[in-house]
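Worksheet for the structure shown next.
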Amino acid sequence: MTTIVTEAAGAAPDADLRVPPAGPPAPGVAVPAASPAAPTAPVRDTRAPVRDTIELERAARLEALLGDPYDPLNPHGHLALLRADEAREVPEATEALLVEAGLAAEFVPRELGGRLTDLEELARVLRPVFRRDLALGFGFGITSLFAASTVWTAGDGRQRGEMARVLLGGGRVTIVHRELAHANTVLRDEFTARPAPGGGFVVDGRKAVVINADRADTFIMYARTAEDGPGSHSVLMLGPGEPASGEVRRLARVELPGMRGARFAGLELAGVALPEGAVVGARGDGVSLALRSFQISHCLVPGTVLAGVDSVLRQAVRAATEGRPDGQPARRWRKVLAGVFADLLACDSMAVTGLRALSLLPEDAYLLAAAVKYTMPDMLRENLEELATVLGARGYDRGPVYGGFQKLVRDLPVAGLGHAGTAVCQAVLVPQLPVLARSAWFRTAEPPAELFRPGAPLPAFDHRRLAHSGRDDLLTATLIGVAGRLGAAAGTARGPGGGPREVLAALAETFVGELRVLRSRCAALDDSVGTAFNPQACALADRYALVMAAAAVLGVWEGQAGTGSWLEDPAWAVLALSRIGRRLGAAVPDLPDGVVESVLEEVLGRCREGLSLDLYGTRLAG
């Protein structure tokens with residue numbers, strides 16, 4: 001039988017964004033040569049404490065390489081990316097730039113010749129790409145990371161070496177998910193792997209929509225190898241190279257309403273023979289391995305997509321201040337702009353905490369990772385709806401200044417569904433609620449303070465330590481601890497009156513009260529009910545995830561003490577918790593005088609100075 005395989009992408013001549021690789025290559029792994037270091041110094045900012053390591057150079061250099069996004073002559077700017085999106089074309093010039101910059105090496109662990117040492121660092125390097133175009137971020141490489149993460153988590157030495165060689169050599173890898181109970185277009189259908197007479201497997205099946213199916217060198221697929229049950233699926237590695245027999249058919253490209261510049265296509269396997277060595281991990285490990293490795297995407301997707309909403313908030317500030325001699329937005333927009341900025345900081349607090357937990361406490365991070373993915377997409381979509389009111393007619397503009405808004409509105413839902421969506425996160429959170437209520441809440445010790453210090457040093461991230469069976473709840477313990485300290489410092493954690501710190505104490509106690517109610521209601525759930533998609537249990541999971549978001553805000557705010565950062569100011573935490581509390585329907589105190597003004601002044605100042613609207617406040621190219 002003939003096998004149809006696309007050619008691998010060209011090798012990257014510069015695999016390290018013009019800085020030396022972080023570690024020695026593994027034996028037998030080819031690493032592209034490095035180019036001389038660029039003469040410019042790394043850009044630094046003092047608004048938030050940041051790690052004084054090489055990833056700051058890599059993120060800043062990628063930002064500089066991509067250039068001013070608002071320059072209509074920039075081949076990597078908003079206008080060029082919007083034109084490619086309208087034509088449903090891959091932005092080839094920008095992809096070529098990322099290949100030349102060796103961005104794929106960011107997805108390969110240091111011990112295998114790449115630069116991946118921790119996920120917070122990776123998110124910072126990727127934000128310049130996602131700030132400009134979500135489809136580019138997914139289509140160029142982050143999908144390869146998600147596929148490769150399965151191999152980094154459970155693959156043997158041969159599989160890990162082959163995967164490293166593909167990525168460092170400029171190739172592409174994609175992931176083929178199993179069908180889910182709530183199947184949508186992206187996740188529907190599956191592959192079946194039958195035992196072959198001489199050993200190994202014969203794989204058949206078809207999926208209508210797989211990102212980069214028509215240009216991937218290697219596929220990581222979740223295939224059915226047994227009847228239903230926890231061991232029904234296994235993970236198989238197809239490629240690099242042609243299978244011994246059978247046919248790999250790259251089907252027609254599929255056009256989705258969003259991420260139009262990414263390439264989605266069908267994939268069909270007919271009698272494809274794979275050896276026993278194609279199994280990643282062990283037979284039947286598919287579900288377990290998914291729960292372990294998906295934690296990475298659960299934190300990394302929201303933590304990078306947030307950069308796209310950063311761009312839209314910047315557009316809204318521009319629209320609200322355009323033509324106003326005092327540089328201040330009209331009064332009716334001030335609370336919206338400040339509120340969305342507070343939400344972005346809250347979302348970043350949750351995402352960065354999740355990313356740091358995967359390095360610091362990998363055995364206990366899975367609940368937090370699921371909560372990040374469960375909560376953040378809805379918050380970000382709500383933010384876009386609020387910003388649409390500020391943009392008005394400019395939201396329909398197709399030029400380089402405001403055209404990115406409609407694109408992000410189209411892209412964000414696809415980004416959420418393209419990798420394990422809400423139902424998967426519910427499947428993680430809901431069964432744990434009765435257990436957490438009975439054994440963890442108000443009993444778990446607080447996690448280390450380093451968890452909540454963005455940019456502080458981290459131990460090397462080890463994929464193999466990821467687990468999905470921990471019984472501790474990291475963030476609720478932080479919520480209780482910070483609320484107690486705030487209450488003691490303020491003299492009271494009751495009542496709505498007082499300044500920002502007193503109101504922050506009251507808000508923290510409100511969320512502790514919500515956790516007490518959750519404990520009572522979740523402890524009453526029958527375990528068998530808790531494991532199903534019971535409407536009551538799902539509603540409780542919604543509330544629990546918002547409580548975790550509030551806890552992340554409190555942890556990050558407290559972690560800024562003594563840094564000299566604006567984030568020491570309780571104003572942003574008060575505004576963020578007030579908005580989260582209203583999402584819960586909780587009775588929240590009135591905002592103290594000066595809270596909205598302080599947050600608004602910061603977002604306006606950052607926009608004037610060209611700084612990012614996240615926890616780091618780093619310099620942007622435009």
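Nothing fancy with the numbering, it's 1 onward along the sequence.
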Is there a donor-acceptor pair closer than 3.5 Å between any side-chain N or O of [X] and the backbone N or O of [Y]?
X: Trp572; Y: Leu567; result: yes
X: Gln295; Y: Ala370; result: no
X: Asp118; Y: Glu120; result: yes
X: Ser598; Y: Gly594; result: no
X: Glu502; Y: Gly499; result: yes
X: Arg543; Y: Leu515; result: no
X: Thr321; Y: Gln328; result: no
X: Thr143; Y: Gly139; result: no
X: Asp614; Y: Gly617; result: yes
X: Thr389; Y: Glu386; result: yes

Drop me the distance from [X]'s [atom1] to [Y]'s [atom2], to the nearest 0.5 angstrom.
X: Leu436; Y: Tyr544; atom1: CG; atom2: OH; value: 5.0 Å
X: Met350; Y: Ile580; atom1: CE; atom2: CD1; value: 8.5 Å
X: Leu306; Y: Leu344; atom1: CG; atom2: CG; value: 5.0 Å
X: Arg582; Y: Leu577; atom1: CZ; atom2: CG; value: 11.5 Å
X: Cys607; Y: Leu313; atom1: SG; atom2: CG; value: 6.0 Å
X: Cys538; Y: Gln426; atom1: SG; atom2: CD; value: 4.0 Å

Which atom names give the shortest non-hydrogen contact between [X] and [Y], and what distance separates them?
X: Ser578; Y: Val588; value: OG-CG2, 4.0 Å
X: Trp441; Y: Asp473; value: NE1-OD2, 2.7 Å
X: Ala357; Y: Leu474; value: CB-CD1, 4.4 Å
X: Pro434; Y: Pro431; value: CD-O, 3.6 Å
X: Phe146; Y: Ser297; value: CE2-CB, 3.5 Å

Just so I know, are the side chains of [X] and [Y] near enough to count as touching, which here means a heavy-atom distance under 4.5 Å?
X: His76; Y: Leu81; value: no
X: Arg579; Y: Met379; value: no
X: Leu119; Y: Cys299; value: no
X: Leu429; Y: Tyr374; value: yes
X: Val599; Y: Lys335; value: no
X: Val317; Y: Leu337; value: yes
X: Leu433; Y: Arg521; value: no
X: Leu134; Y: Lys407; value: no

In terms of heavy-atom contacts, does [atom1] of [X] have more than 12 from other residues, nucleotides or ligands at under 6.0 Å?
X: Phe442; atom1: CZ; value: yes
X: Arg485; atom1: CZ; value: yes
X: Arg331; atom1: CZ; value: no
X: Glu568; atom1: CD; value: yes

Query raised in the report: With no hydrogens and no angle check, do the side chains of Arg516 and Ser520 hold a donor and an acceptor under 3.5 Å apart?
Result: no
So, [X] and [Y], do they make that salt bridge, N to O below 4.0 Å?
X: Asp411; Y: Arg260; value: no
X: Arg606; Y: Glu601; value: no
X: Asp542; Y: Arg583; value: no
X: Asp397; Y: Arg394; value: no
X: Glu597; Y: Arg334; value: no
X: Arg127; Y: Asp310; value: no
X: Arg453; Y: Glu558; value: no

**Report entry** Full working for side-chain hydrogen bond (donor to acceptor under 3.5 Å, both in side chains) between Asn383 and Asp343
**Finding:** CA-CA 8 Å; Asn383 291 159; Asp343 272 2; 2.8 Å; yes
Query raised in the report: Glu63 pairs by salt bridge (charged side-chain N to carboxylate O under 4.0 Å, His left out) with which of Arg58, Arg124, Arg132?
Result: Arg132
Query raised in the report: Think Arg356 forms a cation-pi with Phe452, using NZ or CZ under 6.0 Å from the six-ring centre and within 45 degrees of its axis?
Result: no
Query raised in the report: Passes side-chain contact (heavy atoms from CB on, under 4.5 Å), Thr94 versus Leu136? Steps please.
Result: CA-CA 8 Å; Thr94 308; Leu136 176 65; 3.5 Å; yes
Query raised in the report: Are the aromatic ring centres of Tyr366 and Phe294 under 6.0 angstrom apart?
Result: no
Requested in this report: Go through the steps for Val340 and Leu384 under the test side-chain contact (heavy atoms from CB on, under 4.5 Å), then give the verdict.
Outcome: CA-CA 9 Å; Val340 171; Leu384 290 181; over 6 Å; no
Query raised in the report: Taking the six-membered ring for Trp, are Phe130 and Phe138 parallel (under 30°), tilted (30 to 60°) or perpendicular (over 60°)?
Result: perpendicular
Report summary line: Checking Leu65, Thr618, Leu66 against Pro128 for side-chain contact (heavy atoms from CB on, under 4.5 Å), the one that qualifies is Leu66
